[in-house]
Amino acid sequence: MASQWPCSPPSNRGRPAPAASSCGALPLDALSEILLRLPAKDLCRLRAVCRSWYSVTSDPFFIGAHAARHPGPLFLAKFRGDRAHIHVVDLSGTVIKRMPETSASHQVLFTRLNLACLATEWNRCRVLNPATGAVRVLPEGPAPNHVNRVNLSNPYTFFALGRVTSTAVYKVFRMFNRPGFMSMGQQLFELFTINGCTDHARWREMQSPVHVVKPWTGVVADGVVYFFVMDTIGNVIPPDFIVSFDLGREEWRRGLTGPISGNAGALEQYRKKKAELDLAELKGYLVVAHYHESPCRMDLWFLTNFENEIWVKEYSIPIIQTPNYDFCVKPLFVLDDGRLVLYQTPIGQLLICDPGANTFAEVEMGHLDSVGVFTGSLLGLPEGDVV
Amino acid sequence: MAAPESGDGNNGAARMVTLISSDNTRFEVEAAAASLSQTLQLTILDGGGGGGDGIPLPNVDSATLSKVLEYCIKHAPAAANGGAPNATAVDRAELERFDNEFVNIDQSVLYSLIMAAHNLEIEGLQSLVAKKVADMIKGKSPMEIRRTLGFPDPTPEEQAEMNAHMLEYGWAYE
């Protein structure tokens, strides 16, 4: 029947159990059951209680179970009032973690990953592991073949961080816009692998697409970087035409027609500057945000199938437009219950939109300089420390 | 295959089983209540614990077992309803009141309950005691936690590790 109290209870998860608790001598399963209930900030503090508590809370299975029990979301925020720190905040506006930030001018890129990317438009880029606070500064020098083609004294750059799902490899995508590229210049593309193969830990030259991309529209969804493109001389391209670069295969994919190209009325509105288009990532999908007047709404089109170019309008939200036709609400995140977290760029505020009830609630926090979503656990990375 | 006849053979009354604590005290309790323990459930299904036999629990003393059974008897009707989807708000509030009162106990008793709930695999009781300990820990510093839970004072080496940790995780202490 009942056996001795086990020091290391039999594990049904096929993992070696860490050493039994030296203090208190609680069975590890019972200890885990207690600690799983505490928020990550408490756990990071009580890792100091004793070695066995440290090892329990550092176990990848524990970290995974804790993340499942405390689903977040967490945001990485840089506040206008405090550019010397990066904050991890939750949706109640509570600051959970604060990390020193050496540069006031780096912005948090829009990502939804376990890592964060901070960059400027003048070729500075760092990758941050919010769990450990570790920072990787990426080299400024270009890929070997680009050495004489980049003006490093006055660069204009675009960065994007993405994760290749199949390999769990993080890569940073960099684009140099050469001076004067609007008329004659050329855009140069490079890739930097963060983890995995070490001889890839340098900037590598990538091919350029046929089109000239609009760098400010760049967004990463499920390991692919997407851009809208510019009209070229004598060749008018539909405003929702999209090119994309696959970070895993390291190649450009064929062009993609957006959701409004087939709608003459919508195109006409766009040409009259009564509509705007933007790209976003939600739930792992590429999303085209179509802002338009009368009625003034933001339609969110999800790309559900790349091969067949299938777009599904999942949201249509009433928005307020500023007088100069600037639509400045960016979709940031979809909560489990379908509510949307929106980012009001001019004032740097997060809004929670309930599309069913058409209500908006402001998240109580300081005005944001820039923001991203943190999907990882503050206890550490389940996939190991890649930075 | 038919289940073995269970001791008293009286189909009208609820089936009873006997549990024997480490200090040889016998507890007679309804099978439905004892079956909240995953560990006991199979034995009871097999017809064990009835009649004069009794199930020995060599690691649970009588004080702890009596407390555990108090919990099981209170929760058995709701558990029999499959988590009580039909339970009224009043029933749920009453169980909640009972639970709160139940863990309002001396720390040594709480510790014995954690061990017993773990060993007998009584899921509801495991979460209840875990929640209680989590509430005791929440918001405290590592030293306060050690004192609260009655851990021995850290050795100089452990103290040095704790100090180093405070530096590394300074943000968590803010």
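When reading the values below, keep in mind they use all heavy atoms of this one structure, side chains included, and skip hydrogens, waters and symmetry mates. Quick note on labels: first sequence line is chain A, next is B, and so on, each numbered from 1.
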Open item on the list: Does this structure show an ion pair linking Arg45(A) with Glu144(B), if we count only N-O contacts that are shorter than 4.0 Å?
Closed with: no
Open item on the list: A side-chain contact here means heavy atoms from C-beta on lying under 4.5 Å apart; do Arg51(A) and Glu161(B) qualify?
Closed with: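 They are in side-chain contact.
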Open item on the list: I'd like to check Trp171(B) versus Val88(A) (side-chain heavy atoms, cut-off strictly below 4.5 Å). Are they in contact?
Closed with: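 Trp171(B) does not reach Val88(A) side chain to side chain.
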Task: Gap between atom CG of Leu149(B) and atom CH2 of Trp53(A) - 0.5 Å precision - done: 5.0 Å
Task: Pairwise distance CG(Leu26(A)) to CE(Met115(B)) - rounded to 0.5 angstrom - done: 6.5 Å
Task: Under 4.5 Å from any heavy atom of chain A - which part of Lys132(B) - done: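 Neither part.
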Open item on the list: Under 4.5 Å from any heavy atom of chain A, what part of Tyr169(B) do you find: side chain, backbone, both or neither?
Closed with: side chain
- [ ] Give a yes or no on whether Met166(B) atom CE has more than 12 heavy-atom contacts from other residues, nucleotides or ligands under 6.0 Å away.
- [x]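 Check fails, neighbour count at 12 or below.
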Open item on the list: Tell me if the CD atom of Glu94(B) is crowded by more than 12 foreign heavy atoms within 6.0 Å.
Closed with: yes
State, to 0.1 Å, how close [X] and [Y] come at their nearest heavy-atom pair, and which atoms those are.
X         : Y         : result
Ile137(B) : Ile34(A)  : CD1-CG2, 4.0 Å
Ala48(A)  : Met162(B) : O-CG, 3.1 Å
Ala30(A)  : Ile114(B) : CB-CG2, 3.9 Å
His118(B) : Asp29(A)  : CE1-CB, 3.6 Å
Cys50(A)  : Arg146(B) : CB-NH1, 4.0 Å

- [ ] Return yes if some donor-acceptor pair links the side-chain N/O of His165(B) with the main-chain N/O of Leu46(A) below 3.5 Å, else return no.
- [x] no
